[in-house]
Undergrad: 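So that we are looking at the same thing, I have put the structure below in structure tokens.
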Amino acid sequence: MNAPSDLEVKPWQDQLFEQLKGADIRQVCYVPDAGHARLIARCKADPNIRDIALTTEEEGIALAAGAWLGGQRSALLMQSSGVGNCINMLSLIRACRFPMLMLVTMRGEWEEFNPWQEPMGSIVEPALKLCETDVAKVTEPAQVVPAVQNAIQLAFGGDRAAAVLLSQRLIGRKVWVK
Amino acid sequence: MIFERRAAMKTLLADRPNNLFVVPGLGSCTWDTFAAGDDDRNFYLWGAMGGAAMIGLGLALAKPNIRVAVVTGDGEMLMGMGSLATIAVQKPKNLSVVVFDNGHYGETGMQASHTQGGVDLVNVAKSCGFDRVLDVADDAGLQELAGLLGTYEGTLFARVPIVADDPPRALPEKDGVVIKDRVRRAAAAIG
């Protein structure tokens with residue numbers, strides 16, 4: 001069975017955007033991933049959300065801290081490979097108890113064609129947990145909204161890091177031959 | 001002219017406007033900022049190397065009515081050099097990045113940094129697209145920079161060459177939650 005392409009728009013992606021809007025997320029930063037393409041496009045089109053492209057994902061951790069100092073909520077969108085780039089900067093979140101919401105599109109699992117994605121993809125969950133980040137993994141569309149609602153509450157209610165991992169099975173297979 | 005770092009920081013913050021927030025990079029710049037006068041508007045960093053400029057960007061974007069000055073060392077800036085590109089693309093009107101450049105990693109035994117090896121951070125910032133860049137050369141230039149921190153409408157980058165010395169440590173509050181809450185309250189009070 002072939003999963004749909006990762007570039008096809010799926011209803012849960014717009015639901016995800018509505019969750020961010022409903023939670024008054026005002027800064028959305030990212031290193032792009034195909035699985036986040038729809039969400040990034042929606043954020044860019046919204047005049048009340050500042051979209052911030054990053055050169056590396058750890059910039060987004062520091063940005064989130066600054067945004068919170070100024071009274072704004074933010075979210076960091078990244079691919080699983082980017083989680084590895086964030087590890088030391090997450091000490092800023094722990095040391096100061098900043099809220100930190102992360103949405104991670106997974107690689108290196110379901111129908112992966114690139115073995116170089118597997119080493120980081122396979123350790124995202126334990127690595128984040130070692131950084132005291134709450135981790136919820138989503139594999140079915142119906143799980144997206146409750147998982148994101150929970151992460152928003154944990155992050156901004158509990159002053160901590162929370163991540164939602166959007167599995168490759170949910171996102172769909174990467175378009176390789178175009 | 002090569003500046004003494006504590007004196008240079010005092011000059012930059014001497015007539016600090018009410019809405020100027022400072023994000024000093026970890027180590028010596030945090031000690032310098034505290035030595036110039038403890039203040040609720042200082043987000044002292046004890047870690048997060050490479051993150052100072054991006055913390056400044058997040059704060060500047062969240063609060064357009066305040067001014068943000070990131071003051072950090074050459075080593076810390078080199079670790080977060082990509083953030084100069086991110087800032088220049090975002091074009092906040094209220095953010096300055098000042099690098100105290102002594103060409104060394106002062107907290108770890110004065111090992112040479114890349115700025116001593118020829119890397120020119122002023123030109124890096126210029127190439128990224130900062131609206132204005134300054135390589136501060138004398139007391140008048142430092143005074144000018146002090147004024148611009150409170151007034152310049154655009155992205156400003158400045159390099160302040162400093163002596164490679166290690167003044168006595170001046171240690172501010174260390175509890176990250178306390179530091180965060182102080183700054184957050186101070187920013188909220190500006191409106």
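Chain A is the first sequence line, chain B the second, and so forth, proteins listed ahead of strands; every chain is numbered from 1.
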Undergrad: If you tally heavy-atom pairs under 4.5 Å against chain A, which of B:Gly176, B:Ala62, B:Ala186 wins?
TA: B:Ala62
Undergrad: Counting only non-hydrogen atoms closer than 4.5 Å, does B:Phe21 touch chain A with its backbone (N, CA, C, O), its side chain (CB onward), both, or neither?
TA: neither
Undergrad: Tell me, side chain or backbone of B:Leu45 under 4.5 Å from chain A's heavy atoms, or both, or neither?
TA: side chain
Undergrad: Where does B:Met49 contact chain A at under 4.5 Å (heavy atoms): side chain, backbone, both or neither?
TA: backbone
Undergrad: Please check if the side chain of B:Asp101 supplies one atom and the backbone of B:Gly103 the other of a donor-acceptor pair under 3.5 Å.
TA: yes
Undergrad: Is the count of non-hydrogen atoms from other residues, nucleotides or ligands lying under 6.0 Å from B:Asp15 atom CG greater than 12?
TA: no
Undergrad: Which atoms of B:Ala188 come close to chain A, meaning under 4.5 Å heavy atom to heavy atom: side chain ones, backbone ones, both, or neither?
TA: neither
Undergrad: Out of B:Ala48, B:Ala60, B:Gly47, return the one with the most heavy atom pairs under 4.5 angstrom to chain A.
TA: B:Ala48
Undergrad: Chain B heavy atoms under 4.5 Å from A:Arg50: which part of the residue, side chain, backbone, both or neither?
TA: side chain
Undergrad: Which atoms of A:Gln27 are under 4.5 Å from chain B, going by heavy atoms: the side chain, the backbone, both sets, or neither?
TA: side chain
Undergrad: Contact part of B:Leu61 toward chain A, heavy-atom cut-off under 4.5 Å: side chain, backbone, both or neither?
TA: both
Undergrad: Do side-chain atoms of B:Trp46 reach the backbone of B:Thr30 as a donor and acceptor pair under 3.5 angstrom?
TA: no
Undergrad: Give a yes or no on whether A:Lys21 atom NZ has more than 12 heavy-atom contacts from other residues, nucleotides or ligands under 6.0 Å away.
TA: yes
Undergrad: Heavy-atom pairs under 4.5 Å with chain B - which of A:Leu90, A:Ile52, A:Thr56 has more of them than the others?
TA: A:Ile52
Undergrad: Can the positive tip of A:Arg38 be found less than 6.0 Å from the middle of the six-membered ring of A:Phe17, inside 45° of the ring normal?
TA: no
Undergrad: Please identify, among A:Gly66, A:Gly60, A:Ala64, the residue contributing the most non-hydrogen atom pairs under 4.5 Å to chain B.
TA: A:Gly66
Undergrad: Would you say the side chain of A:Leu77 lies within less than 4.5 Å of the side chain of A:Asp33, judging by non-hydrogen atoms?
TA: no
Undergrad: Looking only at side chains, do A:Glu111 and A:Gln168 share a donor and an acceptor under 3.5 Å apart?
TA: no
Undergrad: Do any N or O atoms from the side chain of B:Glu76 and from the backbone of B:Gly51 form a donor-acceptor pair under 3.5 angstrom?
TA: yes
